[in-house]
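Just so we're clear, the structure is a prediction, and the values are computed from it rather than from any experiment. Side-chain atoms are counted along with the backbone in the values below, which use heavy atoms only and exclude waters and symmetry mates. Proteins get letters first, then strands, A, B, ... in listed order; numbering begins at 1 in each.
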Protein chains: 2
Amino acid sequence: MDTESGHDADLARTYRRDCPSRTVIEVLANKWTLYVLAALRRQDGPMRFNDLRRLLEGITQKMLTQTLRALERDGLVRRTVYPTVPPRVEYALSELGVEVGRLTTAIADWSIEHAPEILDSRRTFDAHASADVRPLPPAYT
Amino acid sequence: MDTESGHDADLARTYRRDCPSRTVIEVLANKWTLYVLAALRRQDGPMRFNDLRRLLEGITQKMLTQTLRALERDGLVRRTVYPTVPPRVEYALSELGVEVGRLTTAIADWSIEHAPEILDSRRTFDAHASADVRPLPPAYT
DNA sequence: CGGAATCCCATCTGATACTG
DNA sequence: CAGTATCAGATGGGATTCCG
């Protein structure tokens, strides 16, 4: 079942404009998706909307709603509404969401771990770049 | 060295607005980054600009340049220029790039594998959504 | 509490033209 | 070949207001 062979051949499909996986990646490769997945993954149980909002510093209500909706639509997040007053809405990863959450969290972990050297690389790059840009001779206006 | 403990505590830093990892993730979680990393990872050797462009269906020259530049700045991609005529420019993953490429490629693979059920989930979700939206009573406008 | 709706600006992205 | 420069349109994303 799990054909490890033909792996690269499959991956190549991603490069095609009409590959369905592109629409999936589009959802995953977005500003807040990775954080939301990581946050939901930390918890044992589900999380409420405002808990997520407080946890994810800087996210707006609109973006959180939008991100959660997209993930719910894709079947990665399960949303449960308790018709109480005030309303109580809980979010949890589906099995699919747990799977992909493992992958995205690996990226988050990696980013934390290697942030120092990457920031270093940026400083070097930027320094050289600005050195390379010579001002135009005044004649050019 | 590799402190597997304190894992979650570290990850929590990602949620903070000023965590450096956020700027790293910002580069990775972008429309074309994942594809470029995957493409460079397939090759044993480096790839030329137009080879990449042809491989990644739909990417424009501008976006490819921009994405490669960002990855180079972060030290994930190494750019080599051969001062010939016409010029020859080769791109290859750095060691850091190979590392992160493994992680992003895992996501691409996963997306390909699960695209069918995710698309299914979307269809179901969208069908219910449109069913839930009742037209307003004419009296309202 | 958990949103929806609206406004609005910033950036992202693509198309096009030009260059060493 | 491998870009840069520029412009216009689409989209992303934030702030605010309002609602069940």
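L52(B) places its CG atom 14 Å from the P atom of dC1(D), with the value rounded to the nearest Å. Rounded to a whole Å, the CG atom of L64(B) is 10 Å from the C1' atom of dA2(D). Rounded to a whole Å, the CZ atom of R48(B) is 13 Å from the C1' atom of dG3(D). Atoms CD (E26(A)) and C1' (dA10(D)) sit 13 Å apart, rounded to a whole Å. E90(A) places its CD atom 12 Å from the P atom of dG3(C), with the value rounded to the nearest Å. Put simply, CE on M47(B) is 14 Å from P on dG3(D), counting in whole angstrom units. When the P atom of dA2(D) is taken as reference, atom CZ of R54(B) falls 8 Å away, rounded to whole Å. Atom CD of E72(A) and atom P of dG2(C) are 15 Å apart (whole Å).
Nearest approach of I25(A) to A108(B), heavy atoms of both residues: CD1-CA, 4.2 Å. The minimum heavy-atom distance between Y15(B) and L55(A), with the atom names listed, is CB-O, 3.2 Å.
Note on R53(A): nothing from the nucleic acid sits closer than 4.0 angstrom, heavy atoms only.
Applying the 4.0 Å criterion to OP1 and OP2 of dG3(D), one finds that R79(B) has a side-chain N or O inside that range.
Classification of E57(A) and R16(B) as a salt-bridged pair holds, one side-chain N sitting under 4.0 Å from a carboxylate O. Using a 4.0 Å cut-off between charged nitrogen and carboxylate oxygen, R123(A) and D126(A) do not count as a salt-bridge pair.
For the residue pair R78(B)/S94(B), the side-chain donor-acceptor check at 3.5 Å is not satisfied.
Evaluation of the ring pair (Phe, Tyr, Trp, His ring centres under 6.0 Å) test over residues 62-118 of chain B, restricted to residues two or more places apart or in two chains, returns W110(B)-H114(B).
Residue T65(A) has its side chain nearest to dG3(C) when only dC1(D), dT13(C), dG3(C) are considered. If you check dC1(D), dG2(C), dT4(D) against the side chain of R69(B), the one that comes closest is dT4(D).
Place Y91(A) and N30(B) on DNA chain C by their nearest nucleotides, and Y91(A) ends up nearer the 5' end.
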Footprint string (nucleotides 14-20 of chain C, 5' to 3'): B base within contact, S backbone only, - free, heavy atoms under 4.0 Å: BB----B

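Tested against V36(A), the residues N30(A), T104(A), L56(A) include a single side-chain contact (heavy atoms from CB on, under 4.5 Å) partner, L56(A).
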